[in-house]
Amino acid sequence: MTKAKNYDKMLEIADKLASDIPAPFVRIDLYNIVGKIYFGEITFHHGGGNNGIEPEEWAERMGDWISIDGLK
């Protein structure tokens, strides 16, 4: 598979968007459509949050890893 010509720019944008997010995991969806970059979404859980977390007590534990203290 070949990289898009603006792949490095997409990485730069994703890095900038994720830099202030207080979560251990974040997925930034960007799309390259005919050479133009489009933003899709920011997701804080693999599988778009539709997958369950097992064992269940880890759901709360992982939620505790995200700190929103100091956010406006």
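Side chains are part of it too, since the values below use all heavy atoms of this structure and drop only hydrogens, waters and symmetry mates. The residues of the chain are indexed from 1 along the displayed sequence.
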Under 3.5 Å, which donor-acceptor pairs link side chains of residues 8-17 to any protein atom two or more places apart or in another chain?
unit_1, atom_1, unit_2, atom_2, d
Lys9, NZ, Glu12, OE2, 3.3

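- No single ILVMFWY cluster, assembled from side-chain heavy atoms under 4.5 Å apart, contains both Val34 and Ile37.
- Here the CG-CG distance, from Asn6 to Leu30, works out to 9.5 Å after rounding to the nearest 0.5 Å.
- When the side chain to side chain contact (heavy atoms under 4.5 Å, CB included) test is applied to Ala59, the partners found at least two apart in sequence or on another chain are Ile53.
- In this structure, Asp29 and Phe39 have side chains that are not in contact, with every pair of non-hydrogen atoms separated by 4.5 Å or more.
- Under the 4.5 Å side-chain criterion, counting only non-hydrogen atoms from C-beta, Val26 is not in contact with Thr43.
- The distance from the CD1 atom of Ile66 to the CZ atom of Phe25 is 11.0 Å, given to the nearest 0.5 Å.
- Every residue two or more places apart in sequence or in another chain that forms a salt bridge (charged side-chain N to carboxylate O under 4.0 Å, His left out) with Glu41 is listed here: Arg27.
- Other residues, nucleotides and ligands place more than 12 heavy atoms under 6.0 Å from the CG atom of Asp64.
- Applying the 6.0 Å contact sphere to CD of Glu60 captures no more than 12 heavy atoms from other residues, nucleotides or ligands.
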